[in-house]
Amino acid sequence: SLHDALPISQAGWSEMILGLNAKKAGDRELTCAAWTRTVGHWTRVGPKLTEFYAGFLPGLKANLKLCGEGKPLSAFGPIR
């Protein structure tokens, strides 16, 4: 139900913000880990994910690809 999806979605949001703060601080490892958890939370919610949260997924996934390729934080793009 949407009610069940809400806390998972909110956890994903918190992880996304953690990743943004880690990126500002230059902590690549934490940025990549937090955004990986964000995508995991939001993927679990699936079709119940709100359009607002879903709008961040393409940017997050693009940056996670860069994480996997070992690219520096300076190569990362916006998440929305």
Side-chain angles (χ1 to χ4, degrees):
S1 75
L2 188 57
H3 182 265
D4 296 332
L6 188 60
I8 297 169
S9 295
Q10 290 171 334
W13 177 259
S14 295
E15 292 281 4
M16 186 184 79
I17 298 301
L18 174 62
L20 286 171
N21 288 332
K23 183 176 180 277
K24 286 180 188 173
D27 189 332
R28 186 183 179 286
E29 183 179 345
L30 181 55
T31 301
C32 293
W35 287 350
T36 297
R37 289 189 299 267
T38 297
V39 171
H41 287 309
W42 289 350
T43 300
R44 279 180 51 209
V45 173
K48 296 180 187 118
L49 188 66
T50 66
E51 188 176 326
F52 174 74
Y53 290 135
F56 290 97
L57 282 172
L60 287 166
K61 288 178 178 179
N63 285 326
L64 286 176
K65 184 176 185 291
L66 298 176
C67 286
E69 294 171 356
K71 302 286 187 189
L73 286 175
S74 60
F76 288 28
I79 57 170
R80 184 161 187 149

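What's counted below: heavy atoms across the whole structure, side chains too, no hydrogens, waters or symmetry copies. This chain uses plain numbering: 1 for the first residue, then up along the sequence.
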query = For T36, which residues count as a side-chain contact (heavy atoms from CB on, under 4.5 Å) partner, sequence neighbours excluded?
reply = L64
Spacing of [X] atom [atom1] and [Y] atom [atom2] [to the nearest 0.5 Å]:
| X | Y | atom1 | atom2 | value |
| --- | --- | --- | --- | --- |
| H41 | S14 | NE2 | OG | 8.5 Å |
| L60 | M16 | CG | CE | 6.5 Å |
| L57 | W42 | CG | CH2 | 6.0 Å |
| C67 | K61 | SG | NZ | 14.5 Å |

key: Nearest non-hydrogen partners of V45 and S9, listed with the distance   = CG2-OG, 3.7 Å
key: Partner set under salt bridge (Lys or Arg N to Asp or Glu O under 4.0 Å) for R37, not counting sequence neighbours   = E15
remark   = Sorted by chain and residue number, the salt bridge (Lys or Arg N to Asp or Glu O under 4.0 Å) partners of E69 (sequence neighbours excluded) come out as K65
key: Side-chain hydrophobic cluster, 4.5 Å single linkage: members besides L30   = L18
note = Applied to residues 54-80, the ring pair (Phe, Tyr, Trp, His ring centres under 6.0 Å) test, sequence neighbours excluded, yields W13-F56, F52-F56
query = For G77, does its backbone N or O pair with a side-chain atom of N63 as donor and acceptor, under 3.5 Å?
reply = yes
message = I'd like to know whether CZ of R44 has more than 12 heavy-atom contacts from other residues, nucleotides or ligands below 6.0 angstrom.
response = no
request  = Kindly state each residue pair satisfying salt bridge (Lys or Arg N to Asp or Glu O under 4.0 Å) with at least one member in residues 24-34, sequence neighbours excluded.
outcome  = none
inquiry  = Between L73 and I17, is there shared hydrophobic-cluster membership here, with clusters defined by ILVMFWY side-chain heavy atoms closer than 4.5 Å?
reply    = yes
